[in-house]
Trainee: 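One structure coming up, written as structure tokens, with questions to follow.
By convention in this document, chain letters (A, B, ...) are assigned in the order of the sequence lines, proteins followed by strands, and residues within each chain are numbered from 1.
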Protein chains: 2
Amino acid sequence: MKQITKHIIKNSLKRIFLYRACLVRLKMMGVEKAFSYTLANETGVTSDQVRKDFSEFSIKGNKRGGYDINDLLEKMENIFHRNKYHNIVLIGMGNMGLALSKYSKFVQRNMNIVATFDIDPFKQKLRSDIPVYSMGRLKEIIDRFSVKVAILAVPEISAQEVADELIRHGIKGIVNFAPALLKVPPDVIINNVNLCDELESVIYYVHKLMKV
Amino acid sequence: MKQITKHIIKNSLKRIFLYRACLVRLKMMGVEKAFSYTLANETGVTSDQVRKDFSEFSIKGNKRGGYDINDLLEKMENIFHRNKYHNIVLIGMGNMGLALSKYSKFVQRNMNIVATFDIDPFKQKLRSDIPVYSMGRLKEIIDRFSVKVAILAVPEISAQEVADELIRHGIKGIVNFAPALLKVPPDVIINNVNLCDELESVIYYVHKLMKV
DNA sequence: GAATTGATGTGAAACAAATCACAAAACACA
DNA sequence: TGTGTTTTGTGATTTGTTTCACATCAATTC
């Protein structure tokens, strides 16, 4: 039933996001067409890989003509549901939560943090442009804004408890910043972001590279 | 020479970090021995995988006796250089940089942000317990504290420029929070953390799961 | 102290991901 | 219209990762 589901995000999906960012840049520069090797050069992969990745997501270009950037971006917006707004809740207004609540890139990509939550009543007024509610109002807000995805930035100790509550109220995906492995039903997507591990990984590879 | 090097952190390394976190928890609970399936259950993988991962990093246990937790943690500390202190610099004291500078888990793991930097002179006093310097003092600090790893939390537009400067002063590893692909020499480790992509990935998988 | 049990460690097998190689399509131009 | 060129899209191959299967060892029991 409840289990540790490490829904590892596929590398091909991450690469697709890179391609898109690159296409957006090219478009801003007035470019209209891109080839697989254009994207490959810009993102540090091979052109084969670009095409294979597109193939995986059924994205098609024009033989010889490459890819029409506008067309491609539109297809991607559909595939990644970017044409709709996505309402997000953020739980935990500590340092990290506060920073995330102010992170403007989310809004630029149609992902709106509609409300934040914290158990500390002091933080409930003070900290942000986005309303900060007590946990008691979680269900009400999730229902009102049809929220399906949450950002979890609470301390490790309460992460599981809060995740359970979120899932009980209908949340189906969580980006988890707490260094805890959440036990969740198999139909809930978890994406763990562990900042210590990210930093420590770099330290490890730096040492390794310096030794050789 | 300079190129986009996406040093993707290996999944096996990430799992090793999970095992270690799990071992630390077990130790705190007074447990002294662990088996491959203990770690497997706690981290949501198979016991085969635990053993294979250990094998990759030449970590050995005792046949039949499983793993002595103290012994195992000590071995890991050596492998991951946790017995030493690691001095880190953080560039960019915006929302995210500020939050990272206050993130106490880094210190708990012997990773010390010795100084932070920002171009904005206003931020140079105000924001943190850790000193905030102007970019001009970067080289001095890097040299004084033998810093090899940096956290980059500057806006996308200046990410490449700052990265170049860091590398010029001897930085060998960067955790990059800017949504930009950095072009660096092949002996520099880059770990990109893209918060938008992390969130968007979850949205994608949630939609996919709800459709099926 | 031999037999049994329970765990590790690692080659072999199965699976997944990336690269290669080339047929098919579209355009250019004679 | 036909020939040459360029680029896509995708089977085939290679490479990498995970799972399987079992030999090996250490502890326990008879």
Trainee: Compare side-chain N and O positions of B:S55 against OP1 and OP2 of C:dG9 and report whether any pair is under 4.0 Å apart.
Mentor: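 Answer is no, no contact under 4.0 Å.
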Trainee: Can you tell me if the side-chain N/O atoms of A:Y67 get under 4.0 Å from OP1 or OP2 in C:dA26?
Mentor: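 It does not, given that no N or O in the side chain of A:Y67 lies less than 4.0 Å from OP1 or OP2 of C:dA26.
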Trainee: Assess the side chains of A:N78 and A:E74: does a donor N or O sit below 3.5 Å from an acceptor N or O?
Mentor: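 No - no donor-acceptor pair under 3.5 Å links their side chains.
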Trainee: For the side chain of A:K52, starting at C-beta, report the closest nucleotide among D:dT19, D:dT8, D:dT10.
Mentor: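 The answer is D:dT10, which lies nearest to the side chain.
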Trainee: Where the side chain of B:D53 meets the backbone of B:S12, is there a donor-acceptor pair that is under 3.5 Å apart?
Mentor: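 Between the backbone of B:S12 and the side chain of B:D53 there is no qualifying donor-acceptor contact (under 3.5 Å).
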Trainee: Is it the case that the side chain of A:S158 and the backbone of A:E161 share a donor-acceptor pair, with hydrogens and angles ignored and the cut-off at 3.5 Å?
Mentor: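 Here the side-chain-to-backbone pair does not exist.
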Trainee: Roughly, in whole Å, what's the span from CD in B:Q49 to C1' in D:dT17?
Mentor: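 These atoms are roughly 8 Å apart.
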Trainee: So does B:K208 have more than 12 non-hydrogen atoms from other groups sitting under 6.0 Å from NZ?
Mentor: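 No, not enclosed.
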Trainee: Please determine, by modelled atom types, if B:N194 and B:E198 share a side-chain donor-acceptor pair under 3.5 angstrom.
Mentor: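 No, B:E198 and B:N194 have no side-chain donor paired with an acceptor closer than 3.5 Å.
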Trainee: Touch check for B:F54, heavy atoms < 4.0 angstrom, all strands: base, sugar-phosphate only, or nothing?
Mentor: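 Contact class for B:F54: none.
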Trainee: Taking atom types as they are modelled, is there a donor-acceptor pair under 3.5 Å from the base of D:dG16 to the side chain of B:K10?
Mentor: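 No.
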Trainee: Could you check how far CD1 of B:I9 sits from C1' of D:dT17, rounded to whole Å?
Mentor: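 Nearest whole value for this atom pair: 17 Å.
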Trainee: Can you see whether A:N110 engages A:K84 through a side-chain donor-acceptor pair at a distance of less than 3.5 angstrom?
Mentor: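 No, no side-chain donor-acceptor contact under 3.5 Å.
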Trainee: Mark up nucleotides 21-30 of chain D, 5' to 3', with B wherever a protein heavy atom is under 4.0 angstrom from a base atom, S wherever such an atom reaches only the sugar-phosphate, and - elsewhere.
Mentor: B--BBBB---
Trainee: Would you kindly give the CD-to-P distance between A:E56 and C:dA16, to the nearest whole Å?
Mentor: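 Going from A:E56 (CD) to C:dA16 (P), I get 12 Å.
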Trainee: More than 12 heavy atoms of other residues, nucleotides or ligands under 6.0 Å from NZ of A:K75: yes or no?
Mentor: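 Atom NZ in A:K75 is crowded, with more than 12 foreign heavy atoms closer than 6.0 Å.
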Trainee: Using a cut-off of strictly less than 4.0 Å between a heavy atom of the residue and any atom of DNA chain D, enumerate the qualifying residues of residues 12-39 of chain A by number.
Mentor: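 The stretch gives A:F35, A:S36, A:Y37 as the residues lying under 4.0 Å from the strand, ordered by number.
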Trainee: Please give, in whole Å, the distance from C:dA16 C1' to A:N11 CG?
Mentor: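 Rounding to the nearest Å, CG of A:N11 and C1' of C:dA16 are 12 Å apart.
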Trainee: Looking only at the side chains, is there a donor atom on one of A:Y103 and B:N95 sitting less than 3.5 Å from an acceptor on the other?
Mentor: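 The criterion, which ignores hydrogens and geometry beyond distance, is not satisfied for B:N95 and A:Y103.
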Trainee: Could you give the NZ-to-P distance, from B:K60 to C:dT8, as a whole number of Å?
Mentor: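 For the pair B:K60 NZ and C:dT8 P, the rounded distance is 13 Å.
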Trainee: Under a 3.5 Å distance rule, please check whether B:H86 uses its side chain to pair with a backbone N or O of B:H81 as donor and acceptor.
Mentor: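 Present.
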